[in-house]
Asker: 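I'd like to ask you about the structure that follows.
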Amino acid sequence: MTNLTSMEKKDTRSGFGDGLYELGLKNDKVVGLCADLTGSLKMNKFQDEFPERFFQMGIAEANMISMAAGLATAGKIPFTGTFANFSTGRVYDQIRQSVAYSNKNVKICASHAGLTLGEDGATHQILEDIGLMKMLPGMTVINPCDYNQTKAATIAIADYEGPVYLRFGRPKWPIFTDPDSFEIGKALHMKTGTDVTIFATGHLVWNSLEAAKALAEEGISAEVINIHTIKPLDNKAILDAVANTKCVVTAEEHQMNGGLGDSICQLLARHTPLPVEMVAVNDSFGESGTPMELLDKYGLGIKDVVAAAKRVIARK
Amino acid sequence: MTKPITELKEYVAQTRRDIVRMVHGVQSGHPGGSLGCTELLTVLYQNVLRHNPSNFNMDGTNEDVFILSNGHISPVYYSALAHSGYFPISELATFRKLNTRLQGHPTTHEGLPGVRIASGSLGQGLSVSCGIAQAKKLNNDDKLVYVLMGDGELQEGQVWEAIMYAAHNKIDNLIATVDVNGRQIDGDTKDIMGFTELRSKFEAFNWNVISMDGNDLNDVQETLSKAGVLSGNGKPICILMNTEMGNGVDFMMGSHKWHGIPPNDEQLEAALAQNPSSIGDY
């Protein structure tokens with residue numbers, strides 16, 4: 001079972017809500033749209049403070065995405081909010097044509113991504129969204145790992161011109177990054193190490209750090225790098241890291257197909273083929289359960305990262 | 001300055017020539033709906049829109065904005081844009097050819113002035129227009145947003161999401177025209193997915209509904225003026241525009257068959273003979 005330490009925890013969606021509120025204070029072009037999930041997305045503070053810039057869309061996600069494209073056309077910076085499932089798969093064609101192909105400055109902000117949504121089960125636990133979004137030309141894909149990083153990313157994407165998919169989650173999760181450390185497209189070194197590099201995104205960054213501690217106790221030195229921006233990928237940081245360690249573990253709360261591991265394998269295959277083990281969901285839907293139970297059952301726990309590191313080192 | 005109907009007729013004939021020549025030239029494209037909407041786009045672009053074609057601004061601030069939701073009628077759209085000064089008329093010759101800005105369906109991707117959103121996958125334009133209209137309200141910009149949809153396009157569920165949204169939020173700077181030509185690719189709309197009549201549906205959603213004969217220049221001019229007057233009264237405005245698909249080319253009328261096929265050489269000559277214009281071909 002995955003164990004979290006007793007440090008301060010907050011949900012990443014609160015990082016989004018607090019970041020959006022701060023943006024509202026300083027940038028009057030920022031507008032919010034939400035499809036009947038204002039509380040779940042933590043958009044209430046923005047809604048209360050800036051009611052004229054908040055659009056309640058009802059349960060109509062397709063209309064929300066295309067309307068955001070219209071707002072962006074007219075110079076606004078729209079942030080749409082709903083669950084990751086309804087932010088991507090349900091509205092893929094709207095995003096493809098009205099946002100990505102039309103190159104609109106829309107920020108698609110998606111909560112409750114992955115298995116850690118928990119008890120609602122597989123209908124809501126999208127594990128394909130990173131893949132769907134990263135395939136779209138011109139789309140930036142960001143999956144921050146804690147409250148601080150989600151808040152920083154929310155604020156940063158308002159200053160970036162172009163479509164962005166920002167993915168975050170539901171459960172309370174340890175806060176461990178420096179709020180000033182986030183930069184779009186820049187890998188974040190979390191821990192140095194010489195035997196293996198673990199590239200992780202989202203909630204799995206924490207699991208990877210815990211795994212690195214466990215590995216250290218066994219005399220294995222693991223480097224942990226947080227790839228919060230899956231597209232564009234920080235190729236240089238990744239290639240520099242693996243030049244030393246010569247083997248790789250990827251860790252993410254997503255399908256193996258189409259996720260972070262997939263992107264890193266493509267990069268390595270083209271530049272420097274090396275052994276890789278992928279901690280990800282293996283071609284399966286999720287199910288109901290607590291977040292920790294689900295991470296454990298689907299092989300995304302701390303012990304799974306530890307095991308993957310040992311396997312990949314053995315393949316060097 | 002408002003152009004008289006006699007002058008508009010020349011533009012209508014020229015646009016019809018452009019449409020059939022463009023589609024013939026590349027042997028692909030959608031002439032039927034384009035021909036049916038020629039009067040509407042001519043009146044809009046020559047007489048109604050308060051816009052600035054020589055200095056295109058994507059955000060359309062302090063301008064009327066037109067969004068084409070049924071993007072497959074790109075030939076009529078491109079002709080209207082060119083003849084109102086958004087880009088050189090000669091560029092119509094590049095329609096659907098490699099490296100063109102005049103893609104098969106309209107797009108912002110190649111930077112064609114006048115186009116503000118890609119369309120082609122149906123059902124999205126009304127939502128986009130709601131967004132632009134909301135932005136205008138936030139900016140205290142009193143200009144209007146016009147959008148054109150096909151009647152078959154109303155089979156897309158997203159359109160009804162936007163119809164609901166626009167009425168609930170009193171988007172009264174929005175004028176949505178539905179091209180009621182009764183045809184779609186596979187046949188007549190009444191046979192494919194009949195929705196009986198549309199007025200009661202829009203009215204049930206609390207829209208202000210007016211109708212016009214979309215192939216009668218006088219009626220189009222008058223109804224668009226009336227729609228402008230109706231704006232700002234708390235309700236979005238719907239114009240049900242009755243048209244004949246293929247209008248102006250006799251053998252293309254009365255059937256859905258010319259939705260998306262090009263004329264051959266002989267048919268082109270016949271179509272051009274029916275639409276003489278003094279403006280001059282590209």
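Source: prediction; values computed, not measured. By convention in this document, chain letters (A, B, ...) are assigned in the order of the sequence lines, proteins followed by strands, and residues within each chain are numbered from 1.
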Asker: Check step by step if side-chain contact (heavy atoms from CB on, under 4.5 Å) holds for A/D93 and B/Q124.
Answerer: CA-CA 9 Å; A/D93 186 48; B/Q124 302 181 31; 3.1 Å; yes
Asker: Report the distance from atom CE of A/M57 to atom OG of B/S127, rounding to the nearest 0.5 Å.
Answerer: 7.0 Å
Asker: For chain A, which residues of residues 131-138 of chain B have at least one non-hydrogen atom nearer than 4.5 Å to it?
Answerer: B/G131, B/I132, B/Q134, B/A135, B/L138
Asker: Please output the residues of residues 44-73 of chain B in contact with chain A, using a heavy-atom cutoff of under 4.5 Å, in numerical order.
Answerer: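 Contacts with chain A: B/M58, B/D59.
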Asker: Is it the case that more than 12 heavy atoms not belonging to A/R53 sit under 6.0 Å from its CZ atom?
Answerer: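 Yes - once you tally the heavy atoms of other residues, nucleotides and ligands closer than 6.0 Å, there are more than 12.
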Asker: Tell me whether B/K97 at atom NZ has more than 12 heavy atoms from other residues, nucleotides or ligands lying less than 6.0 Å away.
Answerer: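 Counting neighbours around NZ of B/K97, more than 12 heavy atoms of other residues, nucleotides or ligands fall under 6.0 Å, so yes.
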Asker: Which bit of A/V31 comes within less than 4.5 Å of chain B, counting heavy atoms only: side chain, backbone, both or neither?
Answerer: side chain
Asker: Minimum heavy-atom separation for A/A62 to B/Q158, with atom names?
Answerer: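 Looking at all heavy atoms of both residues, the shortest contact is O-NE2, 3.2 Å.
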Asker: When only heavy atoms count and the cut-off is under 4.5 Å, which of residues 105-123 of chain B reach chain A?
Answerer: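 The list, in residue order, reads B/T107, B/T108, B/H109, B/E110, B/R116, B/I117, B/A118, B/S119, B/G120, B/S121.
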Asker: So, for B/Y165 and A/Q56, which heavy atoms are closest and what is the spacing to 0.1 Å?
Answerer: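 So the two residues come closest at CE1-O, 3.9 Å.
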Asker: Can you confirm whether B/M164 sits close enough to A/N63 that some side-chain heavy atom of one is under 4.5 Å from a side-chain heavy atom of the other?
Answerer: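 A side-chain contact is absent here, since even the closest heavy-atom pair is not under 4.5 Å.
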Asker: A/E128: what forms a salt bridge (charged side-chain N to carboxylate O under 4.0 Å, His left out) with it, not counting sequence neighbours?
Answerer: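 A/E128: no salt bridge (charged side-chain N to carboxylate O under 4.0 Å, His left out) contacts found.
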